[in-house]
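Quick notes on the structure that follows.
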Amino acid sequence: MPLRLIFMGTPDFAVPTLLALVGHGHEIAAVYTRAAKPAGRGMKLQPTPVEEHAARLGLPVLTPTTLKTPEALQLFRAHLADAAVVVAYGMILPQTILDAPPLGCFNLHGSLLPRWRGAAPINRAIMAGDAESGVMVMKMDAGLDTGDVAMAERVAISDAMTAGDLRDALAPLGADLMVRAMGALERGKLQLSRQSDIGVTYAAKIDKLEARIDWNRPAREVLRHIHGLSPFPGPWCEMPIGDEPSRVKILRCEFAAGKGAPGELLDEQLVVACGDGAIRIVELQRAGKALMKAEDFLRGTPLKPPAWLA
């Protein structure tokens, strides 16, 4: 028999898993997501991607501000779910909630645990220069991504891959993985393995103070830093545009030939010197403007040496 599930998720990354579970016949008793927030020029309340899709499917949606009250626990139990599926929900589940479903709570995590436990595994894997990442289904416990793992899928990380690219690659893989895991759980065949104590790292939440590009670092570190923070929060530098420096987000780049002082513009094609080597800017975004290819940017804002990016 299909499982009766509570689904808990918030961003686009979680949507494929919700749709896959519904598509494979599991009953979604309730969808938990974060509350709508003001967004856009009119600052209208914008529901999360998960809420938007749940509403289209006619699923009941809850947006509690806490799960730590007796009332929240009572409501959670009242769904009479067999298990809960959690994908980038954004709220810590207390032990009482974890213990409520008889079969447990299962998280889809965007890393190869125990590497990159925590809030920003996709970003941190790219920023650290990792050669691969992946998704894992984990039975949740009270620790920070310390639960036993059931299944995994791996993805190679190329130097051309941004955090957005990796997220988009992992989301459908994760959806398929969770469907397989819930199928095995339904049959009583889901096998869990304890995480290794070797290779534990933590993916701290991205701080906006990390977003400024440091041209003194080697080209590969600069490239991975840029791609690891693209598209959000968006790595940035200051460019000499007009009479004073302007903040510009650099969202995609590639390795280039050349050398010079860190931050020095080496040609008219946006090749910039790093502490060792150079990168060419491929996509960028000025404040209040749309994302642009480098060639389109240069048509309206030609930059020529000598110039420096800071």
Side-chain angles (χ1 to χ4, degrees), residues 1-35 47-64 67 72-111 113 134-141 145 147-155 167-193:
M1 295 292 292
L3 295 173
R4 182 173 169 86
L5 301 171
I6 294 170
F7 185 85
M8 312 177 82
T10 295
D12 288 322
F13 181 76
V15 170
T17 302
L18 173 61
L19 298 181
L21 291 170
V22 171
H24 281 76
H26 293 291
E27 182 184 0
I28 306 301
V31 173
Y32 280 65
T33 189
R34 301 305 298 270
T48 70
V50 163
E51 181 174 356
E52 289 182 334
H53 283 81
R56 292 192 189 107
L57 293 168
L59 300 174
V61 176
L62 295 92
T63 59
L67 296 172
L73 176 60
Q74 182 179 10
L75 179 57
F76 196 84
R77 286 174 172 165
H79 300 306
L80 301 177
D82 300 309
V85 170
V86 183
V87 187
Y89 177 42
M91 187 183 295
I92 295 174
L93 275 58
Q95 189 65 53
T96 52
I97 293 289
L98 294 175
D99 293 339
L103 297 181
C105 298
F106 294 85
N107 176 243
L108 181 70
H109 187 75
S111 82
L113 294 167
V135 280
M136 280 187 159
V137 171
M138 170 189 67
K139 186 172 184 180
M140 300 174 72
D141 61 17
D145 298 326
D148 294 344
V149 296
M151 297 177 175
E153 289 284 356
R154 296 172 180 266
V155 171
R167 177 199 62 213
D168 291 345
L170 292 177
L173 279 181
D176 177 69
L177 196 68
M178 186 60 77
V179 165
R180 286 189 276 141
M182 291 300 99
L185 184 68
E186 174 190 340
R187 299 188 300 273
K189 301 292 186 180
L190 187 65
Q191 297 183 351
L192 298 168
S193 301

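No experiment lies behind these values; they were computed from the predicted model shown. Note that these values count all heavy atoms, side chains included, but never hydrogens, waters or copies made by symmetry.
- Closest heavy-atom contact between His26 and Leu5: CB-CD1, 3.9 Å.
- When all heavy atoms of Pro2 and Gly25 are compared, the pair lying nearest together is CB-O, 3.1 Å.
- A distance of 10.0 Å separates NE2 of His24 from CZ of Arg180, quoted to the nearest 0.5 Å.
- Between Arg34 and Thr63, the closest heavy-atom pair is O-CG2, 3.8 Å.
- Within the 4.5 Å cutoff, side-chain heavy atoms of Phe13 are placed close to those of Leu170.
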inquiry  = One pair to check against side-chain contact (heavy atoms from CB on, under 4.5 Å): Leu21 and Val179. What are the steps and the verdict?
reply    = CA-CA 6 Å; Leu21 291 170; Val179 165; 4.2 Å; yes

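- Minimum interatomic distance between Arg77 and Ala100 (heavy atoms only, all atoms of both residues): CG-CB, 4.0 Å.
- Counting heavy atoms of neighbouring residues, nucleotides and ligands inside a 6.0 Å radius, atom CD of Gln95 exceeds 12 of them.
- Counting heavy atoms from C-beta on, the side chains of Phe76 and Pro101 come closer than 4.5 Å.
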key: Full working for side-chain contact (heavy atoms from CB on, under 4.5 Å) between Leu57 and Leu19   = CA-CA 9 Å; Leu57 293 168; Leu19 298 181; 3.8 Å; yes

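- Separation of atoms CE (Met178) and CG (Leu185) is listed at 10.0 Å; rounding is to 0.5 Å.
- Tested against Cys105 for a side-chain contact (heavy atoms from CB on, under 4.5 Å), the candidates Val85, Leu98, Ile6 yield a single pass: Leu98.
- In this structure, the separation between NZ on Lys139 and CG on Leu192 is 6.5 Å, given to the nearest 0.5 Å.
- Distance CD/Gln191 to CG/Asp148: 12.5 Å, rounded to 0.5 Å.
- Residues Glu52 and Pro47 come closest through the heavy atom pair CG-CG, 3.7 Å.
- Between Leu59 and Leu18 there is a side-chain heavy-atom pair separated by less than 4.5 Å.
- Outside the 6.0 Å centre-distance limit, the rings of Phe7 and His53 are not counted as a close aromatic pair.
- Minimum heavy-atom separation, Leu62 to Ala30: CD1-CB, 3.7 Å.
- Annotation: the span from Leu3 atom CG to Glu186 atom CD amounts to 5.0 Å, rounded to 0.5 Å.
- Between Leu190 and Met151, some side-chain heavy-atom pair lies under the 4.5 Å cut-off.
- Residue Ile92 places its CD1 atom among 12 or fewer non-hydrogen atoms of other residues, nucleotides or ligands, all under 6.0 Å distant.
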request  = Test Met8 against Leu67 for side-chain contact (heavy atoms from CB on, under 4.5 Å), laying out the working first.
outcome  = CA-CA 12 Å; Met8 312 177 82; Leu67 296 172; 3.9 Å; yes

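- A distance of 4.5 Å separates CE of Met138 from CG of Asp145, quoted to the nearest 0.5 Å.
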